[in-house]
**Student:** 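Structure incoming, see below.
The chains referred to below are lettered A, B, ... by the order of the sequence lines, with proteins before strands, and numbering in each begins at 1. These numbers were taken from a predicted model, which means no experiment stands behind them.
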Protein chains: 2
Amino acid sequence: MLIRKLNSFVSLSNVDRKMLDRISTETRSIAPRMELVREGDKPASVLLITEGIACRHKHRACGTRQIIAFLLPGDLCDLDAALVDRIDHTITTVTACRVADITHQTMADLLGSNPAVALALRMSTLVDRAITHEWLVNVSSRSAVKRIAHLICELFVRFKAVGLVTHQSYMLPLTQTDLAHTMGLSTVHTNRSLQELRRRGLITLKGKQLTVLDVSKLRAIAEFDPTYLYLKA
Amino acid sequence: MLIRKLNSFVSLSNVDRKMLDRISTETRSIAPRMELVREGDKPASVLLITEGIACRHKHRACGTRQIIAFLLPGDLCDLDAALVDRIDHTITTVTACRVADITHQTMADLLGSNPAVALALRMSTLVDRAITHEWLVNVSSRSAVKRIAHLICELFVRFKAVGLVTHQSYMLPLTQTDLAHTMGLSTVHTNRSLQELRRRGLITLKGKQLTVLDVSKLRAIAEFDPTYLYLKA
DNA sequence: CGATCTATTGAATTCGATCAAGGAGTGTGG
DNA sequence: CCACACTCCTTGATCGAATTCAATAGATCG
């Protein structure tokens with residue numbers, strides 16, 4: 001997944017691929033709803049998600065949490081985390097996950113010895129940043145229905161990029177509560193907005209299977225333009 | 001300003017300082033409300049703000065804009081911009097500014113030859129990211145009054161770090177419309193929320209001069225904890 | 001088969017948006 | 001120096017989107 005993703009930024013040589021393969025073979029599995037990294041921790045290693053979905057979130061004083069990113073297969077958490085001595089957010093699995101721990105040393109070696117990979121990794125952090133910017137716009141100025149539509153569009157493209165979309169459909173393993181924590185909405189309103197999207201014939205959502213029935217209409221509503229994701233897909 | 005900021009992350013040698021001094025001596029001045037970088041542009045150079053305030057923002061389909069960051073003296077725009085071929089946001093001056101243009105080549109040389117500076121610059125992009133995360137939480141889950149209080153607290157600390165705070169007071173050269181675009185609020189509600197902060201005796205705002213009357217109360221309301229800014233100040 | 005999440009629905013309330021208009025300050029040109 | 005245009009700030013009134021509270025119905029699971 002990581003190779004596939006990075007290769008969409010720059011063309012990787014066989015050596016590059018072999019290097020990336022090596023660092024992502026040794027994985028451990030983690031149960032759903034487990035904290036991988038906790039706010040305040042010292043960064044231990046760079047995490048690579050190879051399977052499953054996790055989220056980055058922050059805690060509010062009042063006890064709620066705000067999700068600020070989703071980590072899909074092929075995504076790295078905190079490439080440069082080694083530079084600080086305190087992580088400022090929590091990372092929690094949503095589904096069961098497999099993750100590879102990449103030591104800071106390994107990462108530093110990789111970046112030093114492998115310019116193409118280094119470039120691709122830097123670009124992927126830029127995409128992460130672009131996603132966060134887009135979320136900021138989304139959450140601060142769009143209506144509930146548009147917000148959710150936007151997230152659905154984004155995840156559609158990101159899942160597609162790692163081959164997890166079939167027939168306009170992907171697994172969205174989030175609860176409505178998770179969605180609410182992502183969109184800055186109440187669960188009740190999240191529920192009603194989802195119903196609105198279904199009622200308009202834009203999506204179906206059965207179990208955790210989300211199907212986009214009308215991509216162009218959904219994108220229009222969400223004001224979604226995928227160029228910020230920098231993927232050829 | 002840049003040196004002062006970077007020095008708060010790592011101790012810089014005299015050589016480091018001299019290098020940084022050299023890249024920031026040649027500045028040009030820009031009028032208020034001018035676009036420095038436009039969405040869709042090819043990145044030309046890294047910009048360093050030496051005086052004045054600029055903002056990073058995105059345009060909505062409906063014509064409004066959403067401010068996603070403020071750039072204060074000492075802040076760099078887009079350290080890694082050279083990696084992409086299309087900027088995904090606009091940067092506009094708020095006040096008159098002085099900026100230094102740093103070519104990608106100069107920046108690459110600096111990063112290559114000067115490990116301490118490279119480290120400090122990487123850290124400063126991490127702080128930028130932390131700020132964006134904090135904004136995401138702010139805007140998506142806090143009430144209008146808390147949001148504005150949070151921004152005031154953040155700018156207080158950031159201005160203080162570059163020596164622009166005297167007697168609990170700094171210049172906030174934003175119009176209420178700018179503030180509204182930042183907070184995802186209407187101008188009317190922004191106005192009323194500011195009044196609320198004044199009424200509670202937390203701030204005064206005369207002309208563009210903002211004074212924080214009760215830092216600890218303001219921080220409490222905003223749920224503001226400055227550690228994410230990673231400044232000793 | 002209870003127990004515990006998760007999803008859904010209804011009603012009441014509130015926060016913030018929108019609409020509309022009036023002042024206050026600034027600059028410009030006659 | 002005054003009339004005007006313009007931007008920014010302020011206020012009132014109304015409207016609407018989203019929250020909150022509360023209750024029920026499905027799922028899921030040990």
Side-chain angles (χ1 to χ4, degrees), chain A residues 31-34 53 55 60 62-67 92-96 138-151 171-200 203-210 221, chain B residues 31-34 60 62-67 92-96 138-151 171-200 203-210 221:
Chain A
R33 309 286 158 181
M34 297 294 289
I53 295 179
C55 69
R60 285 276 309 283
C62 55
T64 61
R65 66 173 186 165
Q66 176 65 42
I67 294 176
T92 302
T93 56
V94 174
T95 63
N138 202 30
V139 132
S140 54
S141 67
R142 286 199 255 261
S143 69
V145 169
K146 281 170 184 284
R147 272 183 226 187
I148 295 176
H150 197 279
L151 180 68
M171 289 302 290
L172 185 71
L174 307 171
T175 66
Q176 293 186 2
T177 306
D178 294 330
L179 257 181
H181 289 160
T182 309
M183 306 277 83
L185 297 169
S186 67
T187 53
V188 173
H189 201 59
T190 302
N191 178 284
R192 287 178 175 139
S193 303
L194 279 171
Q195 287 178 50
E196 175 69 16
L197 288 172
R198 283 188 277 226
R199 200 190 53 70
R200 294 200 212 167
I203 62 163
T204 64
L205 181 53
K206 287 171 202 149
K208 299 294 179 191
Q209 189 75 27
L210 186 140
I221 285 172
Chain B
R33 310 286 158 180
M34 298 295 288
R60 285 278 309 281
C62 56
T64 62
R65 68 172 184 164
Q66 176 65 43
I67 294 176
T92 302
T93 56
V94 174
T95 63
N138 202 29
V139 133
S140 53
S141 67
R142 285 198 256 260
S143 70
V145 169
K146 281 169 184 285
R147 274 184 225 187
I148 295 176
H150 197 278
L151 180 68
M171 289 303 288
L172 184 72
L174 307 171
T175 66
Q176 292 186 0
T177 306
D178 294 329
L179 257 181
H181 290 160
T182 309
M183 306 276 84
L185 298 168
S186 69
T187 53
V188 173
H189 200 62
T190 301
N191 178 283
R192 289 180 174 136
S193 303
L194 279 171
Q195 286 178 49
E196 175 70 15
L197 288 172
R198 283 188 277 227
R199 199 190 53 71
R200 294 201 213 166
I203 61 163
T204 64
L205 180 54
K206 288 173 202 149
K208 299 293 181 192
Q209 189 76 27
L210 187 139
I221 284 172

**Student:** Between OG1 of B:Thr204 and CG of B:Leu197, what distance do you get to the nearest 0.5 Å?
**Tutor:** 11.5 Å
**Student:** Looking at C:dT9, C:dG16, D:dC9, which one has an atom nearest to any side-chain atom of A:Val188?
**Tutor:** C:dT9
**Student:** Using heavy atoms and a sub-4.0 Å distance, could you list which residues of residues 178-187 of chain B are near DNA chain C? By number, please.
**Tutor:** B:Gly184, B:Leu185, B:Ser186
**Student:** Evaluate the side chain to side chain contact (heavy atoms under 4.5 Å, CB included) criterion for residues A:Met183 and A:His189: first the C-alpha distance (whole Å), next the side-chain angles of each, then the deciding distance (0.1 Å), finally the verdict.
**Tutor:** CA-CA 10 Å; A:Met183 306 277 83; A:His189 201 59; over 6 Å; no
**Student:** Whole-Å distance between D:dT11 C1' and B:Arg192 CZ?
**Tutor:** 6 Å
**Student:** So what does A:Arg142 touch, heavy atoms closer than 4.0 Å: a base, only the sugar-phosphate, or nothing?
**Tutor:** nothing
**Student:** Got a second to check how far A:Thr177's OG1 is from A:Asn191's CG, nearest 0.5 Å?
**Tutor:** 10.0 Å
**Student:** Taking only Lys NZ, Arg NE, NH1 and NH2, and the carboxylate oxygens of Asp or Glu, determine whether B:Glu196 and B:Arg200 approach each other closer than 4.0 Å.
**Tutor:** yes
**Student:** How many whole angstroms separate atom NE2 of A:His189 from atom P of D:dT19?
**Tutor:** 6 Å
**Student:** Might you work through the side chain to side chain contact (heavy atoms under 4.5 Å, CB included) test for B:Arg142 and B:His150, ending with a clear yes or no?
**Tutor:** CA-CA 9 Å; B:Arg142 285 198 256 260; B:His150 197 278; 3.3 Å; yes
**Student:** Taking OP1 and OP2 of D:dA27, is either one under 4.0 Å from a side-chain nitrogen or oxygen of A:Lys206?
**Tutor:** no
**Student:** Rounding to an integer number of Å, can you tell me how far A:Lys146 NZ sits from D:dA17 P?
**Tutor:** 13 Å
**Student:** Could you state the atom-to-atom distance from CD of B:Gln176 to P of D:dT11 in whole Å?
**Tutor:** 10 Å
**Student:** Output the rounded distance in Å from CG (A:Leu194) to P (C:dT6).
**Tutor:** 15 Å
**Student:** Expressed in angstrom and rounded to an integer, what is the separation of B:Lys208 atom NZ from D:dT7 atom P?
**Tutor:** 14 Å
**Student:** When all nucleic acid strands are considered with a 4.0 Å heavy-atom cut-off, which category describes B:Ser143: base, sugar-phosphate, or nothing?
**Tutor:** sugar-phosphate
**Student:** What is the distance from CZ of B:Arg33 to C1' of D:dC8, rounded to the nearest Å?
**Tutor:** 11 Å
**Student:** Ignoring hydrogens, what is the shortest heavy-atom contact between A:Asn138 and A:Arg147? Give both atom names and the distance.
**Tutor:** ND2-O, 3.3 Å
**Student:** Rounding to an integer number of Å, can you tell me how far B:Leu172 CG sits from D:dC8 P?
**Tutor:** 14 Å
**Student:** Is A:Asn191 near enough to C:dT8 that one of its side-chain N or O atoms lies under 4.0 angstrom from OP1 or OP2?
**Tutor:** yes
**Student:** Respond yes when some side-chain nitrogen or oxygen of A:Gln195 is under 4.0 Å from OP1 or OP2 of C:dA7, and no when none is.
**Tutor:** no
**Student:** Give the C-alpha distance, both sets of side-chain angles, the deciding distance and a yes or no for side chain to side chain contact (heavy atoms under 4.5 Å, CB included) between A:Leu194 and A:Val145.
**Tutor:** CA-CA 7 Å; A:Leu194 279 171; A:Val145 169; over 6 Å; no
